[in-house]
There are 2 protein chains.
Amino acid sequence: MTDPQPHLDAVELDAYFALIEVSSLLRHTVEQQLKEAGGLSYVQFQLLATLGDSPTGSHRMTDLADGVVYSRSGLTYQAGLLEQAGLVTRAPSEEDERGITVTITDAGREVLSRVFPGHIDVIRQLLFAPLKRDDVTALGGLLSTVRAHMRATPPRSAARRRRSASS
Amino acid sequence: MTDPQPHLDAVELDAYFALIEVSSLLRHTVEQQLKEAGGLSYVQFQLLATLGDSPTGSHRMTDLADGVVYSRSGLTYQAGLLEQAGLVTRAPSEEDERGITVTITDAGREVLSRVFPGHIDVIRQLLFAPLKRDDVTALGGLLSTVRAHMRATPPRSAARRRRSASS
DNA sequence: GCTATGTGCTTCAGATTCGAAGCAGTAACC
DNA sequence: GGTTACTGCTTCGAATCTGAAGCACATAGC
């Protein structure tokens, strides 16, 4: 019954725009650092980091794509590049012949560890420098709340490839 | 001298990852809505919105690029598309023959107003729904602080081709 | 004036992106 | 066993993005 305002008020707009600009600028800067330090794109770094973080050093393609908010075909492309560079290997999954298991190599870990310090540094300097300890905690809490909500909210056009017949 | 910790602690990592994921998911969803509602890409929308927000309905190309955190050449491309679609016009600046003044057209405003409600709706549902009023205020405050800091912080590899500093 | 340098924008080639379509393995059901 | 639907990934074409190079105007110094 309480249909919200048809527009965002000043406070909301401010928060929204700030979010967009902060993430854009952060990503932009990080991207540059990664390219300089290790010749990696942001996505490639995310992939390596995800794999390196895994106990087994492996993940299925689809899980990777979901974790990075990325298209399947785009992931195939990037994984191909990483494989060519020798930073990951791809092998058919043992449990499911359809699935591909991507695994980070030693060379991949090496690149990761070479790039990481600078990466951390950028985040610190750009994102956390102007915030007090409590601010960081608060920001993290708020964003985590939003993230949980987003994950639980199905995309408006759910069922892309689901039922094709009728209805 | 004061080289901070070589790594981010759990709280910081959490905040960082949450920020990235939230902005990615938000952008993804918004992008889809814009495409459905008005055939606009996110950048195109940002450009139109920026122009529509201006008192004169105009801006120079460079100002637009900066405001949207975008490459110059990419802006040229997008502006070309918008012009072809009749949503903006481009004309040489009167003060500086080098500059191009981009102006939103009535058709552009029309598209903007057609797309806006749905856009607002997505932001509300996805970003603000799980937050209380005070949370929104807090989030906006924190992000604004960070944004101001980022704007004031020159890119690490400052000045390839140096721009006129502020004023 | 005239030359050197700086700035605004575009062009270009190459890289990256996405969605749709396709291939192959899997699961459910009879 | 066979049929049908579903899922995981890749291929394909078209759209988009970027940095480097280039063109045109502007400004400073002489």
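Each chain gets a letter, A, B and so on, in the order its sequence line appears, and its residues count up from 1. For the numbers below, each heavy atom of this structure counts, side chains included, while hydrogens, waters and symmetry mates do not.
- In this structure, the CG atom of A:L81 is 13 Å from the P atom of D:dT11, given to the nearest Å.
- Straight-line distance from the OH atom of A:Y42 to the C1' atom of C:dT16: 17 Å, rounded to whole Å.
- C:dT10 atom C1' lies 16 Å from atom CZ of B:R60, rounded to whole Å.
- Taking every heavy atom of residues 61-75 of chain A and every atom of DNA chain D, pairs under 4.0 Å involve A:M61, A:T62, A:R72, A:S73, by number.
- Side-chain contact between A:R133 and B:V11: present, with at least one pair of heavy atoms (C-beta onward) separated by less than 4.5 Å.
- A straight line from CD of B:Q32 to C1' of C:dT17 spans 15 Å, rounded to a whole angstrom.
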Go through the steps to decide whether A:L139 and B:L143 satisfy the test side chain to side chain contact (heavy atoms under 4.5 Å, CB included), and finish with yes or no.
CA-CA 8 Å; A:L139 181 63; B:L143 289 175; 4.1 Å; yes
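- Under the side-chain contact (heavy atoms from CB on, under 4.5 Å) criterion, A:I123 pairs with A:L26, A:V30, A:H119, A:L127, A:F128, B:L8, B:Y16, sequence neighbours left out.
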Run A:T101 and A:R90 through side chain to side chain contact (heavy atoms under 4.5 Å, CB included) and show every step you take.
CA-CA 6 Å; A:T101 300; A:R90 283 191 289 186; over 6 Å; no
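- Ion pairing of B:R151 with B:D66 is absent here, as no side-chain N (NZ or NE/NH1/NH2) approaches a carboxylate O to less than 4.0 Å.
- In B:D9, the CG atom is crowded: over 12 heavy atoms of neighbouring residues, nucleotides or ligands sit closer than 6.0 Å.
- Between the NE2 atom of B:H59 and the C1' atom of C:dG8 there is a distance of 16 Å, rounded to whole Å.
- When the nearest nucleotides of DNA chain D are assigned to B:Y77 and A:T101 by heavy-atom distance, the more 5′-ward of the two goes with A:T101.
- A salt bridge does not link A:D134 to A:K132: none of the charged side-chain nitrogens sits closer than 4.0 Å to a carboxylate oxygen.
- Here C:dG14 presents its C1' atom at 12 Å from NZ of A:K35, a figure rounded to the nearest Å.
- Rounding to whole angstrom units, CG of residue A:L47 and P of C:dT16 are separated by 13 Å.
- The stretch residues 87-94 of chain B touches DNA chain C through B:R90, each having a heavy atom under 4.0 angstrom from the strand.
- In this structure, CZ of B:F45 is placed 20 Å from C1' of D:dT16, rounded to the nearest angstrom.
- Under a 4.0 Å N-O distance rule, the pair A:E31/A:K35 does not qualify as a salt bridge.
- Regarding contacts with the backbone of D:dT16, every side-chain N or O of B:Q44 stays at 4.0 angstrom or more from both OP1 and OP2.
- Looking at residues two or more places apart in sequence or on another chain, you find no salt bridge (Lys or Arg N to Asp or Glu O under 4.0 Å) involving A:D135.
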Please list, pair by pair, any protein nitrogen or oxygen found under 3.5 Å from a nitrogen or oxygen in nucleotides 25-28 of chain C.
from	atom 1	to	atom 2	distance (Å)
C:dG25	N2	A:R98	NH1	2.8
C:dT26	OP1	A:E97	N	3.0

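- Using a 4.0 Å cut-off between charged side-chain N and carboxylate O, B:D63 and B:R60 make a salt bridge.
- Residues that satisfy the side chain to side chain donor-acceptor pair (under 3.5 Å) test with B:S93, not counting sequence neighbours, are absent from this structure.
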